[in-house]
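Here's the structure we're looking at; comments come further down.
Every chain is numbered from 1 and lettered A, B, ... according to where its sequence line falls, protein lines coming before strand lines.
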Amino acid sequence: MNRESRFCKKARGSFSAYYDGTLSPKNSSKLVEHFDACDSCKKRYERYCALLNGVRALPRVRPSGDFEARLFARVRQEGRIPARTSWWQDLARVPLPVPIGAAAILLLAVFAYTRIGGDRAPSPAPLETASRPVPADTVRTRTNTRPSFLDDLGGGAEFGRAASTELHGPPYPMEAQARPAILAVPLDLNGVPIEGPYEHAQHAQGARAWRGSSGDSGGAVDTSPSR
Amino acid sequence: MREETPERTNREATDEELMFRYRDGDEGAFVEIVRRYKSKIVSTAYRVLGDLDKADDVAQETFIRVHRNADRYRSIAKFSTWIYTIALNVARNELRNTKRKRLVSLDAFGADSDSEFSTYEIPDESARPDSEAENRELRRIFEAAIQRLPERYRSVFVLRDVDDLSYEEIAEILKLPKGTVKSRINRARQRFRELVEPILGETPGSGRTEEERP
């Protein structure tokens with residue numbers, strides 16, 4: 001292979017980057033110098049540009065005439081999008097392994113604390129640690145059933161379809177009251193039970209185990225959906 | 001207090017602003033998003049799939065997913081990157097499920113000027129054919145060649161050379177390293193040229209046109 005052919009092959013390998021303007025200044029200069037010396041490569045590059053310019057000029061393919069009508073009919077069937085969610089509801093969409101991992105770390109820390117402190121009592125079950133101050137973001141890890149937790153906090157009724165089944169699992173139910181209340185009573189930032197559409201009485205036993213003797217265990221954050 | 005009508009305000013809003021408005025309940029914002037992107041998404045899907053009806057379905061599904069996930073939209077990425085990502089994922093699923101047609105549907109580009117797809121205007125360059133018939137034939141050749149590209153090259157080629165997206169956007173949409181995107185674009189263009197030039201009367205590899213051969 002003669003010297004000029006080697007340059008030609010290298011030059012042609014640079015066409016794509018040169019066309020996109022991503023070739024370095026040094027190599028761009030070399031390519032331009034080669035075009036001055038090699039008419040074949042110069043013409044080849046001109047045809048290369050013409051082809052790609054022709055592709056760029058291809059027309060947009062128009063959608064069907066009833067595209068928007070069909071689309072909006074489907075959107076209406078789907079129902080209105082959920083209203084803006086508050087940060088804790090966004091947190092509720094954190095993949096399950098994250099809160100499970102956080103819970104595992106916390107349990108290890110509690111276990112280590114009790115051991116180091118000389119507490120000979122057996123490690124409490126997760127729900128029974130409510131007598132100790134608990135960071136708010138661990139609430140969901142105890143419940144471990146994200147959608148129903150949000151329903152009981154009154155977040156379900158005002159939203160339409162809140163989640164895509166393909167991306168984030170089953171949608172939240174439309175009516176929070178329709179689901180059985182199986183979780184502890186939600187508390188605000190001060191640990192005070194929040195009045196809502198759910199039935200407190202159904203949670204009484206669980207709530208007592210959760211809160212202990214007072215309402216200072218910390219717990220769920222404000223359930224009111226922010227809009 | 002705004003003096004403009006909401007409809008005009010949506011027309012002027014950025015894509016990201018429209019998504020936030022829709023998230024807040026402004027349905028007109030979604031209408032504007034559909035107006036802006038329906039042709040782009042259908043076109044891209046068509047060139048990936050080679051089937052106009054399926055491209056239409058892919059675009060419908062794309063906008064449905066945009067609607068469903070509007071509450072989760074955050075302006076971490078450009079809206080265009082996000083919607084193209086959805087569209088390409090839906091199109092790829094469709095490719096896996098159905099056998100791809102190798103031939104381009106010629107009806108898509110209309111044999112007559114009344115066709116709804118006859119929107120093509122050739123740039124006024126001396127190297128371009130003048131007649132409308134030659135333009136249409138050239139379009140058909142290009143479209144057929146795009147369909148004959150291997151799928152891994154076709155996606156990057158369509159996104160770069162048809163949709164004019166940047167390397168960074170393509171890398172984000174296809175979840176590929178930028179270097180891989182550059183490399184595939186280079187190979188896709190070489191392959192495209194090899195497919196088209198024999199039809200146009202130029203032999204790839206010789207570096208010379210018909211007129212230059214002895």
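The candidate from B:Q190, B:K40, B:K182 with the greatest count of non-hydrogen atom pairs under 4.5 Å with chain A is B:K40. Looking only at heavy-atom pairs under 4.5 Å with chain A, the residue among B:V162, B:I41, B:V34 that has the most is B:V34.
For B:V158, no part lies near chain A; criterion is any non-hydrogen pair under 4.5 Å. In this structure, the portions of B:N186 lying under 4.5 Å from any heavy atom of chain A include both its backbone and its side chain. Residue A:Y19 touches chain B through its side chain alone, counting heavy-atom pairs closer than 4.5 Å.
Contact between B:F142 and A:V55 at its shortest, heavy atoms only, is CE1-N, 3.8 Å. Contact record, A:V61 with B:V42: O-CG1, 3.8 Å, taken as the closest heavy-atom pair.
A donor-acceptor pair under 3.5 Å is formed between the side chain of B:R189 and the backbone N or O of A:S16.
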Inset, instruction - Please assess B:D161 against A:R56 for the test side chain to side chain contact (heavy atoms under 4.5 Å, CB included), listing each intermediate value before the final yes or no. - result: CA-CA 6 Å; B:D161 287 317; A:R56 296 203 168 191; 3.2 Å; yes

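Between A:R60 and B:K38, the closest side-chain pair of non-hydrogen atoms is not below 4.5 Å. In this structure the side chain of A:L51 reaches within 4.5 angstrom of the side chain of B:E197, judged on heavy atoms. A:R47 places none of its side-chain heavy atoms less than 4.5 Å from the side chain of B:L200. Within the 4.5 Å cutoff, the side chain of B:V31 has heavy atoms near those of the A:F72 side chain.
Under the ring pair (Phe, Tyr, Trp, His ring centres under 6.0 Å) criterion, B:Y153 pairs with no residue at all, not counting sequence neighbours.
Using a 4.0 Å cut-off between charged side-chain N and carboxylate O, B:D56 and A:R70 make a salt bridge.
For the atom pair CD (B:E27) and CZ (A:R76), the distance works out to 9.0 Å, reported to the nearest 0.5 Å.
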